[in-house]
Amino acid sequence: MTGSADLVGLLERPVLDVAPRLLGALVTHAGVTIRLTEVEAYDGAEDPGSHAYRGRTRRNATMFGTPGHVYVYFTYGMHHCANVVCGPEGVPAAVLMRAGDVVAGVDLARARRNGAPDRDLARGPARLCQALALDTSHDGASLAGPDLLLQPRSRALARGRVSTGPRVGLRLAADRPWRFWLTDEPTVSAYRPAVVRTTRRRVDGGPSTE
DNA sequence: CTACCGATATTCT
DNA sequence: GAATATCGGTAGA
């Protein structure tokens with residue numbers, strides 16, 4: 001059996017069904033395998049928090065493509081984040097891979113993460129990309145292997161294993177509980193509410209005061 | 001542990 | 001110009 005037909009079948013389901021089913025899945029790339037412990041759903045058609053909410057751009061084009069590929073974007077001038085593209089072609093849904101735990105290739109992951117504690121090797125979406133050596137050159141790549149491989153778990157999780165809550169760092173649609181994680185996993189990233197405002201007005205010109 | 005801050009691509013206003 | 005699906009360093013409790 002090819003797993004890839006199964007993979008696409010899974011990913012064509014509504015993204016809110018897909019997201020929790022990806023918990024515990026294995027992702028392998030460049031010599032490192034992680035087990036997903038935390039994900040977030042983005043439903044571009046109706047989701048103000050999604051990159052695709054305002055339509056297609058060069059950056060988010062992969063979200064509109066066929067399921068089973070990876071959408072990788074660069075953000076904050078510094079970090080990469082990777083999503084599993086879901087839904088039928090043309091529907092810009094995706095699941096952001098927020099955290100995982102390294103189950104193979106730990107030495108490589110440690111080297112890429114520059115001495116971080118093992119718990120932090122793939123804790124947070126940008127750290128996860130660093131551990132797996134994913135960047136925008138992989139945007140649009142297939143998750144069916146062999147280079148990049150997503151293996152959904154085959155067994156159901158025990159009751160109570162999945163927790164849900166608000167997504168991290170969004171200002172818009174912050175109330176939607178579309179983040180899913182494995183209960184009590186130490187590798188789940190810390191929740192940070194969106195920055196309320198950058199408020200950073202610089203004092204122009206002059207000395208102030210008074 | 002919390003809080004701030006800088007790095008700066010991409011998109012929006 | 002300002003905001004953002006972030007992180008690592010530093011400072012302080």
Side-chain angles (χ1 to χ4, degrees), chain A residues 15-16 18-20 22-23 27 34 36-65 69-87 91-102 109-140 164-181 186-205:
Chain A
V15 66
L16 292 178
V18 175
L22 290 179
L23 292 172
V27 183
I34 64 151
L36 292 176
T37 57
E38 181 188 5
V39 299
E40 282 177 356
Y42 288 86
D43 185 346
E46 307 176 9
D47 179 3
S50 169
H51 283 172
Y53 182 60
R54 295 171 192 278
R56 183 174 180 141
T57 64
R58 192 168 66 208
R59 178 176 65 163
N60 67 22
T62 299
M63 286 185 81
F64 291 79
H69 292 245
V70 65
Y71 165 47
V72 183
Y73 66 91
F74 190 59
T75 191
Y76 290 96
M78 220 176 208
H79 297 301
H80 299 277
C81 297
N83 301 248
V84 177
V85 175
C86 299
V91 176
V95 174
L96 172 66
M97 299 188 282
R98 283 200 58 87
D101 99 356
V102 177
R110 285 178 185 138
R112 289 173 185 154
R113 294 275 301 114
N114 197 29
D118 281 2
R119 191 184 79 147
D120 292 345
L121 290 177
R123 182 178 187 238
R127 293 163 171 175
L128 182 152
C129 280
Q130 201 177 348
L132 287 174
L134 288 174
D135 59 46
T136 51
S137 73
H138 304 98
D139 182 40
T164 71
R167 294 176 293 186
V168 174
L170 278 75
R171 185 173 55 86
L172 300 172
D175 54 316
R176 302 186 190 190
W178 289 356
R179 183 166 64 116
F180 302 85
W181 66 92
T187 50
V188 171
S189 57
Y191 174 66
R192 276 205 281 316
V195 173
V196 181
R197 212 179 207 177
T198 28
T199 325
R200 270 221 52 60
R201 294 189 312 157
R202 71 167 49 193
V203 180
D204 50 294

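Bear in mind the structure is a predicted one, so any value in this text is a computation, not a measurement. Here is how names work: the chains are called A, B, and so on, in the same order as the sequence lines, proteins then strands, and each is numbered from 1.
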[atom1] of [X] versus [atom2] of [N]: gap in Å, rounded?
{"X": "A:R192", "N": "C:dC7", "atom1": "CZ", "atom2": "P", "value": "6 Å"}
{"X": "A:H79", "N": "C:dA3", "atom1": "NE2", "atom2": "P", "value": "19 Å"}
{"X": "A:M97", "N": "C:dA5", "atom1": "CE", "atom2": "P", "value": "18 Å"}
{"X": "A:E38", "N": "C:dT6", "atom1": "CD", "atom2": "P", "value": "10 Å"}

Would you say [X]'s side chain and [Y]'s backbone share a donor-acceptor pair under 3.5 angstrom?
{"X": "A:R123", "Y": "A:V188", "result": "yes"}
{"X": "A:E38", "Y": "A:S189", "result": "yes"}
{"X": "A:R167", "Y": "A:R179", "result": "no"}

Exercise for review: With sequence neighbours excluded, tell me which residues meet ring-ring contact (aromatic ring centres under 6.0 Å, His included) with A:F64.
Suggested key: none
Practice item. Could you pull out all residues at least two apart from A:H79 that satisfy ring-ring contact (aromatic ring centres under 6.0 Å, His included)? Key: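 None.
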Should [X] and [Y] count as side-chain neighbours, where that means a heavy-atom distance under 4.5 Å?
{"X": "A:L121", "Y": "A:R110", "value": "yes"}
{"X": "A:V18", "Y": "A:V39", "value": "no"}
{"X": "A:H80", "Y": "A:L134", "value": "no"}
{"X": "A:N60", "Y": "A:Y73", "value": "no"}

Check your understanding: Going by the angle between their ring planes, with limits at 30° and 60°, are A:Y71 and A:H51 parallel, tilted or perpendicular?
Key -> perpendicular
Review point. So A:T37 and A:D101, side chain to side chain donor-acceptor pair (under 3.5 Å) or not? Walk me through it.
Key: CA-CA 7 Å; A:T37 57; A:D101 99 356; over 6 Å; no
Practice item. Just call it for A:R179: base, sugar-phosphate, or nothing, with non-hydrogen atoms closer than 4.0 Å on any strand. Key: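 Nothing, no nucleic acid heavy atom in range.
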Practice item. Report which part of the nucleic acid A:L96 touches: base, sugar-phosphate, or nothing (heavy-atom distance under 4.0 Å, all strands). Key: base
Exercise for review: Taking Watson-Crick and G-U wobble pairs with both distances under 3.5 Å, convert DNA chain B into its dot-bracket string, 5' to 3', dots for unpaired and | for cross-strand pairs.
Suggested key: |||||||.||||.
**Study point:** Residues from residues 120-135 of chain A lying under 4.0 Å of DNA chain C - heavy atoms
**Key:** A:G124, A:P125, A:A126, A:R127
Practice item. Could you work out the separation of C:dG8 and B:dT10 based on their C1' atoms and round it to a whole Å? Key: 22 Å
Under 3.5 Å, which N/O atoms of the protein pair with N/O atoms of nucleotides 9-13 of chain C?
none

Point to revise | Reading 5' to 3' through nucleotides 8-13 of chain B, protein heavy-atom contacts under 4.0 Å coded B for base, S for sugar-phosphate only, - for none | key: BBSSSS
Check your understanding: Would you call A:R176 and A:D43 a salt bridge, using N to O less than 4.0 angstrom?
Key -> no
Check your understanding: Do you know which two heavy atoms are closest between A:L96 and A:A82, and how far apart they sit?
Key -> CD1-O, 3.5 Å
